[in-house]
Protein chains: 2
Amino acid sequence: MPAEAKTAAKAAQSPVRAAQPVTPPLTERQEARRRRILHASAQLASRGGFDAVQMREVAESSQVALGTLYRYFPSKVHLLVATMQDQLAHMHGTLRKKPPAGDTAAQRVAETLMRAFRALQREPHLADAMVRALTFADRSVSPEVDQVSRQTTVIILDAMGLDDPTPAQLSAVRVIEHTWHSALITWLSGRASIAQVKIDIETVCRLIDLTSPEDRPPSPAP
Amino acid sequence: MPAEAKTAAKAAQSPVRAAQPVTPPLTERQEARRRRILHASAQLASRGGFDAVQMREVAESSQVALGTLYRYFPSKVHLLVATMQDQLAHMHGTLRKKPPAGDTAAQRVAETLMRAFRALQREPHLADAMVRALTFADRSVSPEVDQVSRQTTVIILDAMGLDDPTPAQLSAVRVIEHTWHSALITWLSGRASIAQVKIDIETVCRLIDLTSPEDRPPSPAP
DNA sequence: CGGTAATCTAGAACAAGTTTCAGACTTGAT
DNA sequence: ATCAAGTCTGAAACTTGTTCTAGATTACCG
């Protein structure tokens, strides 16, 4: 049993930087199947978003029986969250190569998120599928969602250049993540403009200066 | 046609304080039906959350044919978002009677949200159903979701004691709402503790001091 | 190699959201 | 009071996520 669920469950306990799960030995063909499935999922999602990812179609596209698909990913939401993990890993790689160049931590985080946002704008349907799955996920997907959250946290902390955040900073990072997800949703459902998302990201990033005033004096012009 | 959708669509244009929609004449019996439906929805939601609100059961509980239910609320998500509007109106009334008493705007907003949070804790399943519906809603529900958002904005601005917010303040309020929704979700899915939600709300409310320094000097102890 | 446990496949079956339809009932205008 | 238009009902049908089953296939152990 490939067992995504079990797999990620193990990783869902220690704080920020948790280890990758102990990969339960996957045959080469199984690894290939898994990749095919994730690829098909991303492809269908890119076309028509959440609704377009239909389990029967994913199964067909990836040349796998429906039952097998469900063995690898126990639900549609699991599948899409895994797809998101996949894409996030990509993005993290990309970001690592060209780190953000702002002067303050807040600027770098905002720049990082805006870069990610622009990437999502190129595939709005895919973004829709992944984000909707993420926020719709119930407790049974918590371990996987948590993993996504942890990965996002790492990306933000990287941008801040922090290794050992205080509780206050962790809270600020959580608030930034909250804003990030929720702002994405309002944008995806057409209730907020791109400009608004940008402003809100910049606004929330100001919290960083508030929790670590070492980087630059926070007080605005009087 | 009672037409929830049309109804709320009309309200979804002017900024913050939009007027109530021009109620398309509803007979008394129709009004009663609508109430029965919302009541059944809230009741089922209180039991088992999002999944427990099954359209057939709602129809049966409220003594209405399935087709009629769909005429009043074109989808399950529409129904639950309307349920949320209902509950929000309640809450706003309650809050009006006992306004928050903090010294700064930030304190009052945090207090208000924590009060709402405690109310939700009393009916976690209902909260689950409403919040999941809200964030899962696609474009077809935008007008209604927007209405909820506007109502929330009003509540927050009330707590701030503001009537005529600047764009920066509006952005801060949006960020607070984002955090509010997303923090609720992480709590509901068991990924964050109540304490964490509290801290995050307090953290994000600090943004208020940042965008309107008139209320009290923001600079922390050196 | 041979056997056995695990995995995979095809396809049926089930569950819940949504749609459809014919006929009964209400409403509002004349 | 009557008629036309709009609503409501009950029931069946359709869609898509999910589960189940029986029989192939594959992986691994001795």
Side-chain angles (χ1 to χ4, degrees), chain A residues 1-7 24-37 40-41 44-45 47-83 129 132-133 136-138 140-141, chain B residues 1-7 24-37 40-41 44-45 47-83 129 132-133 136-138 140-141:
Chain A
M1 202 224 293
E4 294 317 301
K6 236 188 276 169
T7 255
L26 275 218
T27 355
E28 208 165 310
R29 307 183 59 200
Q30 286 176 322
E31 194 52 55
R33 256 183 222 115
R34 201 186 120 89
R35 291 263 116 242
R36 282 208 308 278
I37 293 173
S41 165
L44 287 171
R47 288 231 197 308
F50 188 90
D51 293 331
V53 180
Q54 302 194 354
M55 299 304 268
R56 283 173 244 261
E57 284 209 38
V58 172
E60 195 176 347
S61 286
S62 49
Q63 312 243 245
V64 135
L66 192 54
T68 306
L69 171 52
Y70 272 96
R71 180 193 276 282
Y72 280 72
F73 302 96
S75 78
K76 174 169 172 172
V77 170
H78 281 85
L79 171 57
L80 284 172
V81 171
T83 304
R132 298 259 295 286
F136 188 59
D138 67 3
S140 74
V141 205
Chain B
M1 201 224 292
E4 293 317 302
K6 235 188 276 171
T7 255
L26 275 217
T27 32
E28 210 164 308
R29 306 182 59 201
Q30 286 176 323
E31 193 52 55
R33 256 182 222 115
R34 187 173 188 283
R35 291 263 116 243
R36 284 208 306 280
I37 293 173
S41 165
L44 287 171
R47 289 229 196 308
F50 189 89
D51 293 332
V53 180
Q54 302 195 353
M55 298 306 267
R56 282 174 245 260
E57 285 210 37
V58 172
E60 195 175 349
S61 286
S62 49
Q63 311 242 244
V64 135
L66 193 52
T68 306
L69 171 52
Y70 273 97
R71 179 193 277 283
Y72 280 71
F73 303 97
S75 78
K76 174 168 172 170
V77 169
H78 281 85
L79 171 58
L80 285 172
V81 171
T83 304
R132 297 258 296 288
F136 188 57
D138 66 4
S140 74
V141 206

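Values below: all heavy atoms of this structure, side chains included; hydrogens, waters and symmetry mates excluded. Chain A is the first sequence line, chain B the second, and so forth, proteins listed ahead of strands; every chain is numbered from 1. Keep in mind it's a predicted model, so treat the numbers as computed, not measured.
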Test item: B/Met55 and B/Leu69 side chains (from C-beta on) under 4.5 Å apart, heavy atoms: yes
Sugar-phosphate only, base, or nothing, as touched by B/Gln63 at under 4.0 Å among non-hydrogen atoms: sugar-phosphate
Distance, rounded to the nearest Å, where A/Glu31 contributes CD and D/dA27 contributes P: 14 Å
D/dC8 phosphate, OP1 or OP2, under 4.0 Å from B/Tyr70 side-chain N/O: no
Touch class at under 4.0 angstrom, heavy-atom based, for B/Val58 against every strand present: nothing
Nearest-neighbour nucleotide for the A/Ser75 side chain, D/dT18, C/dG17, C/dT27 considered: D/dT18
Given DNA chain C, 5'-ward residue of the pair B/Thr27 and B/Val77, judged by closest heavy atom: B/Val77
Nearest heavy atoms of B/Ala65 and B/Ala59, plus distance in Å: C-CB, 4.3 Å
Gap between atoms CZ and C1', on A/Arg29 and C/dC8 respectively (whole Å): 9 Å
Under-4.0 Å side-chain N/O to phosphate OP1/OP2 contact, A/Thr68 with C/dT9: yes
B/Gln30 side-chain N/O to C/dT26 phosphate OP1/OP2 under 4.0 Å: no
Whichever of A/Ala65 and B/Phe50 has its nearest DNA chain C nucleotide further upstream toward 5': A/Ala65
Shortest non-hydrogen contact between B/Val81 and B/Val141, atoms and distance: CG2-CG1, 4.2 Å
Sugar-phosphate only, base, or nothing, as touched by B/Arg33 at under 4.0 Å among non-hydrogen atoms: sugar-phosphate
Minimum heavy-atom distance A/Ala129-A/Phe50, with the two atoms named: CB-N, 3.5 Å
Interatomic distance where NE2 belongs to B/His78 and C1' belongs to C/dT18 [whole Å]: 13 Å
Exam field: side chain A/Thr83 to backbone A/Leu79, donor-acceptor pair closer than 3.5 Å: yes
Closest to the A/Lys76 side chain, choosing from C/dC8, C/dA12, D/dG17: D/dG17
Nearest-angstrom distance from the residue atom CG of B/Leu69 to C1' of C/dT19: 13 Å
Interatomic distance, A/Glu60 CD vs C/dG11 P [rounded to whole Å]: 11 Å
Distance in angstrom units between A/Arg71 CZ and C/dC8 C1', rounded: 8 Å
Face-on cation placement of B/Lys76 at B/Phe136 ring, 6.0 Å and 45° thresholds: no
Gap between atoms CG and P, on A/Leu80 and D/dT18 respectively (whole Å): 10 Å
Touch class at under 4.0 angstrom, heavy-atom based, for B/Val53 against every strand present: sugar-phosphate
Touch class at under 4.0 angstrom, heavy-atom based, for B/Glu57 against every strand present: nothing
Touch class at under 4.0 angstrom, heavy-atom based, for B/Arg56 against every strand present: base
Between P of C/dC8 and CZ of A/Arg34, the distance in whole Å: 13 Å
